[in-house]
Amino acid sequence: MTRFTHVLRGAALLLALPLAFAAQARAETITVAVAANFKKPAEEIGVLFKAKTGNEVKYAFGATGQFAAQIRNGAPFDVLLAADDTTTKALAKEGHAVAATDFIYARGALVLYSTTLPVKAQGEQILRKGDFQHLAIANPKTAPYGAAAIEAMKKMGVYEAIKPKIVEGQNIGQTFDFVATGNAQAGFVALSQAIGAGKGQWWVVPQADYSPIDQSAVVLKPGADKPAAKAYLDFLRGPEARAVIDKYGYTIPQ
């Protein structure tokens, strides 16, 4: 290697270092409120996003309705990943979100999940027999998956019989915990949770039995001037995030 080559490499390094430091200096930390059903995909997407952009993501997980109430009361979230496609639009209309950034990032699937009952082969029969003590659903007032569960049970004609055995979780995460810990013999949760559980079995509720669960994302007012907030949603649309979303059983409506 010639002395001239060494000089060129040294010069290139000197040019690259300021650029790297500048990129690091531009890195931001954003706070993202995420519907509990999307916890595992969001965590994986956050890792990929940081690796690609240097920006840090801090997550809060909970029920969409509860987040909406907190945002209206000034909670400093930069981005919301809701479990429906109405909350983000309502927040934008009220001036709490940037309407132009609103888009559907995933369509969820409802499943009947259990660690003890043979729901995979007999899901509908088990609901019709009602041979269990407790059935868990998320609070239908704040969690779209809870509302979808009631809609499905009514469509199947089993809701009134099962109603006395229903226990409500504050959100879909707590609902899943009720089943996973054996406090409920079965429960309606998101397919993504069942896939990520590594145990138990599930029956996918026919889509015809409940309205589509389209989940929307939006930049909120505190994140309106943060490039990392917009970059996060751009990343959510990209192939790396979509691969994660697909892995957890979501579809993406066209």
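For CD of Q66, the number of neighbouring non-hydrogen atoms (other residues, nucleotides, ligands) closer than 6.0 Å is greater than 12. Atom CD of Q125 has more than 12 neighbouring heavy atoms from other residues, nucleotides or ligands inside a 6.0 Å radius. Within a 6.0 Å sphere centred on NZ of K221, other residues, nucleotides and ligands contribute 12 heavy atoms or fewer. Within 6.0 Å of atom NZ in K226, more than 12 heavy atoms from other residues, nucleotides or ligands are found, so the atom counts as buried in its surroundings.
Among I166, L112, D209, the single residue meeting the side-chain contact (heavy atoms from CB on, under 4.5 Å) criterion with M153 is I166.
Within the 3.5 Å criterion, the main-chain N or O of Y210 finds a donor-acceptor partner in the side chain of Q207. Judged purely by atom type and a 3.5 angstrom limit, T175 has no side-chain atom pairing as donor or acceptor with the backbone of A136.
Inspection of the Y250 and Q215 side chains reveals no N or O donor paired with an N or O acceptor under 3.5 Å.
Using a 4.0 Å cut-off between charged side-chain N and carboxylate O, K89 and D85 make no salt bridge.
For the pair K39 and Y59, the NZ or CZ position fails the cation-pi test of under 6.0 Å to the six-membered ring centre and within 45 degrees of the ring normal.
Note on ring orientation: taking the six-membered ring where Trp is involved, the planes of Y113 and F176 are parallel (angle under 30°, cut-offs 30° and 60°).
Looking at every heavy atom in both residues, K52 comes nearest to F235 through CD-CE1, 3.6 Å. When all heavy atoms are compared, the tightest approach of M156 to E124 is SD-CG, 4.1 Å. When all heavy atoms are compared, the tightest approach of D214 to R107 is OD1-NE, 2.5 Å. Taking every heavy atom of both residues into account, A36 and G173 meet most closely at CB-N, 3.7 Å.
Rounding to the nearest 0.5 angstrom, the gap separating the CZ atom in F61 from the CD1 atom in I172 is 14.5 Å.
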